[in-house]
Amino acid sequence: MSFSRIIPHRADGYVEAVFDGHEDWMSAVQHIEQIVALFDEMDVYRVLMDFRRVDMRIAVVEAPDVARLFHKYAYHEMSFGIIPPVKARGMTTVERFAECMERLGHTVQYLNAPAEIDAWTDLNAGARRRAG
């Protein structure tokens, strides 16, 4: 069961996805739809993905398909801050997803320490809104 949450951070210009519990294809599609809807509503392109509490049910070989689906729905360049999962099995899937997102032209940054997370979420660190 997934207890994941999608949290808009309007003042700081990003959407946070906290993955908690089982993540499978169905929940991934639902979360992608929620994130993209917030992108459009908030006019931002940054997403902080927190995988610390995930029980990954998406196979490593499926991760590129999830990335391509995300890319297709979002239709613009995105910036991802990724807080890695604790379990090695989940990390392999997240790495494959991140590699595919980078190949599709998106920015991916792994955030391994609280200071890195704070720096990534800081609105004053640079332009965060979509151009155009």
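Worth knowing before you read on, the calculation uses all heavy atoms, side chains too, and leaves out hydrogens, waters and symmetry mates.
- In this structure, Ser79 and Trp120 have side chains that are in contact, with non-hydrogen atoms separated by less than 4.5 Å.
- The side chain to side chain contact (heavy atoms under 4.5 Å, CB included) check on His71 picks up Leu104, His106, with sequence neighbours excluded.
- Once rounded to the nearest 0.5 Å, the distance linking NZ of Lys72 with CD1 of Ile32 reads 11.5 Å.
- Side-chain contact between Val15 and Ile7 is absent, with no heavy-atom pair separated by less than 4.5 Å.
- Between atom NZ of residue Lys87 and atom CZ of residue Arg52 there is a gap of 15.5 Å, rounded to the nearest 0.5 Å.
- Counting only heavy atoms from C-beta outward, the side chains of Val18 and Glu16 approach each other to under 4.5 Å.
- Using the six-membered ring where Trp is involved, Tyr14 and His9 have ring planes that are parallel, under 30° apart on the 30 and 60° scheme.
- Closest approach of Gly90 to Pro85, counting heavy atoms only: C-CG, 3.5 Å.
- In this structure, Leu111 and Leu48 have side chains that are in contact, with non-hydrogen atoms separated by less than 4.5 Å.
- Both Met56 and Val108 sit in one connected hydrophobic cluster of ILVMFWY residues. Membership requires side-chain heavy atoms under 4.5 Å apart, directly or through other members.
- Annotation for Ile35 and Ala17: closest pair CD1-CB, 4.0 Å, computed over non-hydrogen atoms.
- In the displayed structure, Arg53 atom CZ is contacted under 6.0 Å by at most 12 heavy atoms of other residues, nucleotides or ligands.
- Side chain of Glu102 to backbone of Glu99: no donor-acceptor contact under 3.5 angstrom is found.
- Between Phe80 and Phe70, the ring planes lie perpendicular to each other; the angle is over 60°, past the 30° to 60° tilted range.
- Residues Val54 and Met91 share a single hydrophobic cluster, defined by chaining ILVMFWY side chains whose heavy atoms lie under 4.5 Å apart.
- A 4.5 Å side-chain heavy-atom check between Asp55 and Phe19 finds every atom pair outside the cut-off.
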Margin query: Evaluate Glu33 against Tyr73 for side chain to side chain contact (heavy atoms under 4.5 Å, CB included), listing each step before the verdict.
Written below: CA-CA 8 Å; Glu33 290 173 343; Tyr73 270 97; 3.6 Å; yes
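- Residues His31 and Ile6 meet the side-chain proximity criterion, which asks for heavy atoms closer than 4.5 Å.
- No donor-acceptor distance shorter than 3.5 angstrom exists from the side chain of Thr93 to the backbone of Ala63, with no hydrogens or angles considered.
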Next item on the list: Could you walk me through whether Met78 and Arg46 pass the side chain to side chain contact (heavy atoms under 4.5 Å, CB included) test, one step at a time?
Entry: CA-CA 6 Å; Met78 295 175 280; Arg46 297 183 333 129; over 6 Å; no
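- Following chains of ILVMFWY side-chain contacts shorter than 4.5 Å, one cannot reach Met26 starting from Leu69, and the two form parts of different hydrophobic clusters.
- Residues Ile83 and Tyr110 are not in side-chain contact: their nearest non-hydrogen atoms beyond the backbone lie 4.5 Å or more apart.
- Counting only distance, with no hydrogens or angles, the side chain of Arg10 and the backbone of Met42 share no donor-acceptor pair below 3.5 Å.
- No side-chain heavy atom of Phe51 sits under 4.5 Å from any side-chain heavy atom of Pro84.
- Looking at Glu62, its side chain never comes within 3.5 Å of a backbone N or O of Ile58 through a donor-acceptor pair.
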